[in-house]
A.B. asks: 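What follows is a single structure, and I will ask about it in a moment.
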Amino acid sequence: MKYEMVAGFETHVELSTNTKIFCSCTTAFGAEPNTHCCPVCIGLPGTLPKLNEKVVEYAIMAGLATNCEIAEIAKMDRKNYCYPDLPKAYQISQYDKPLCEHGYIELSNGRKIRITRIHIEEDAGKLIHNHGDTYVDYNRGGVPLIEIVSEPDIRSPEEAREYVEKLQQIMRYIGVSDCRMQEGSMRCDVNISVREAGSEKLGTRTEIKNMNSITFITKAMQYEFERQVDLIEAGEKVVQETLRYDDATNTTSPMRGKEDAHDYRYFREPDLVTIKVEREQVEKIKACLPELPNKKLDRYINEYEISEKDSALLVKYRNIAEYFDKAAQGLKTPKSAANFILTQIFRRLETEADKEAFDIKTLPEQLNKMCKLIESGKLKNSLAKSALEKMLDSGENIEKFVSEEDMAGLDDAALTKLCQDAINNSANAVADYKSGKEKALMSILGFVMKNSKGRADANAVKEKLKELIG
Amino acid sequence: MVTREDVENIALLSKLFIDENDLDKLTEDMQNIINFADTINKASDESEEFDNINNLENVFRNDVVKESLPVSEILSNAPEQADDHFLVRKRG
Ligand SMILES: [Zn+2]
């Protein structure tokens, strides 16, 4: 029998606001333990939370960028559970009135992964377990999160990878999160079940919690899929339970403790007032969103006629795409700017982090200028290449390396002189050429090109050489 | 019915230390609180007004960092601490 994977995601994304969601403590990562805390975020009695305006704005941005509807009225609720990472014994979250609902992310195979909802909530503290004792650091407690919940629309680990990468890319583009999985600013829970391929009925699902690497996610899903199929084939039942993935053994195992307790007794957070989202505010936020990666990709492929592969490279990080957009402005063939970026500039960026930062000395306006000079025929490609290297090294403008004289090319007298010199110095090649070896001309041509420092036009040189040799 | 034992137990869970002499009075008070909650239960909860009981909306804070408290003050109420962390001992 053929089985099909059915998976849905709950993705926690830490928002890159300056302050926590309900107090003015900083959200900066990596500080000494319990130094980013105040009476509000360690849950002392008598304190009152006050919602950070930016959190609402960022969540709405995330919703709009994932095609969600934005609620007119939203509210906060308490999710109760007792565990040392929550000083209040409840997490302030959203239950039945989240900020965003009914969105989707489109995958490259055309399938839409529906987004059920996006809500805002506070992160919990960090626990360090040591010989059965628990050390608690509340620096992360109260850092704002959005939780993005998808429908069970994902059918394979490959789709899961693309879904998570797309989310990551979108959140980074709109600037609401850096989505660094290693630092925990993006974490995924995956619920997964199997069913007979083609069936509409959902099987019993398990949930794999808290994964912070795309590779682990895909491996865990594959493992869990096979485990469930084996159970069914053996006539056994899949037990609905919460699992953790162990990357060392590439297996999943049941989790116990807070993650398994599901009676959260949600109720309205009485200390926070209703959130009312005016439609004008939504329109305003929408107008400020940058062009999203999918749109850019379409534009590059269809309008700019850049290959799909190259377009994807340009779109991957917002800094690259924005640089390219500026460099391509008004060009007849934007592709030429793309080529300079993907070859000469990319060669200088070794890691993904380098590419993401895209911190290079040459301004996009300078690359644009250079491409325009090439298009107008004033600047030879070979000369442009070496000029760009020097520009990238020094950050100096193109004028510094390409003189008017260079751009003017060679006049006939100069060209004749260069060619004659070359002929005089290549007796053998000249003789070969005269005896009918067409190829010999190329070595003389190369000689001329080199001596002209890229200023000569290869075709003009060829004609001149033929004329002079006779 | 709320019993003396219930109140003792709640006090223990809440880490409150109660004078033996106050137990009867507190048991009675607690019973009154429960009775009051029963009154609330009789009210309909379908009213939309529950979404906005204070008639307040959109009370926000600007995203501006203020100084946090020194770690010594943060930990000053902790029953146990170690290495600038709250310490939760292994149970049992
Ligand atoms: Zn705080």
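All chains are named by letter (A, B, ...) in the order of the sequence lines, taking the proteins before the strands, and each is independently numbered beginning at 1.
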A.B. asks: Please classify the contact of A:Pro84 with chain B as side chain, backbone, both or neither, using a heavy-atom distance under 4.5 Å.
C.D. replies: side chain

A.B. asks: If the threshold is 4.0 Å, N to carboxylate O, is there a salt bridge linking B:Lys90 and A:Asp133?
C.D. replies: no

A.B. asks: With a sphere of 6.0 Å drawn around OH of A:Tyr266, does it hold more than 12 non-hydrogen atoms of other residues, nucleotides or ligands?
C.D. replies: yes

A.B. asks: For A:Val56, is it the side chain, the backbone, both or neither that has a heavy atom under 4.5 Å from a heavy atom of chain B?
C.D. replies: side chain

A.B. asks: Taking atom CG of A:Leu272 and atom CG of B:Leu56, what is their separation to the nearest 0.5 Å?
C.D. replies: 11.5 Å

A.B. asks: Just checking A:Lys126: does its NZ atom have more than 12 heavy atoms from other residues, nucleotides or ligands closer to it than 6.0 angstrom?
C.D. replies: no

A.B. asks: Could you check if a side-chain atom of B:Phe86 sits within less than 4.5 angstrom of a side-chain atom of A:Tyr135, using non-hydrogen atoms only?
C.D. replies: no

A.B. asks: In Å, rounded to the nearest 0.5 Å, how long is the span from SG of A:Cys23 to CZ of B:Arg61?
C.D. replies: 6.5 Å

A.B. asks: For A:Phe22, is it the side chain, the backbone, both or neither that has a heavy atom under 4.5 Å from a heavy atom of chain B?
C.D. replies: backbone

A.B. asks: Can you list, pair by pair, the side-chain donor-acceptor contacts under 3.5 Å of residues 38-52 of chain A, counting residues two or more places apart and other chains?
C.D. replies:
unit_1	atom_1	unit_2	atom_2	d
A:Thr47	OG1	A:Leu44	O	2.8
A:Asn52	OD1	A:Lys54	N	3.0
A:Asn52	ND2	A:Thr19	O	3.4
A:Asn52	ND2	A:Thr19	OG1	3.0
A:Asn52	ND2	A:Lys20	O	3.3
A:Asn52	ND2	B:Asp63	OD1	3.0

A.B. asks: Where on B:Asp83 is there a heavy atom nearer than 4.5 Å to chain A: the side chain, the backbone, both, or neither?
C.D. replies: both

A.B. asks: Name the option with the most non-hydrogen atom pairs under 4.5 Å to chain A; the candidates are B:Leu75, B:Asn77, B:Val65.
C.D. replies: B:Val65

A.B. asks: Where does B:Val71 contact chain A at under 4.5 Å (heavy atoms): side chain, backbone, both or neither?
C.D. replies: both

A.B. asks: To the closest 0.5 Å, what do you measure between CD (A:Glu278) and CG (B:Asn58)?
C.D. replies: 7.5 Å

A.B. asks: Can you tell me how far NE2 of B:His85 sits from CG of A:Leu127, rounded to the nearest 0.5 angstrom?
C.D. replies: 9.5 Å

A.B. asks: What I'd like to find out is whether the side chain of B:Ser68 reaches to under 4.5 Å of the side chain of A:Cys37, using heavy atoms alone.
C.D. replies: no

A.B. asks: Which distance, rounded to the nearest 0.5 Å, do you find between the NZ of A:Lys75 and the CD of B:Glu57?
C.D. replies: 15.5 Å

A.B. asks: Any side-chain heavy-atom pair from A:Glu53 and B:Asn62 closer than 4.5 angstrom?
C.D. replies: yes

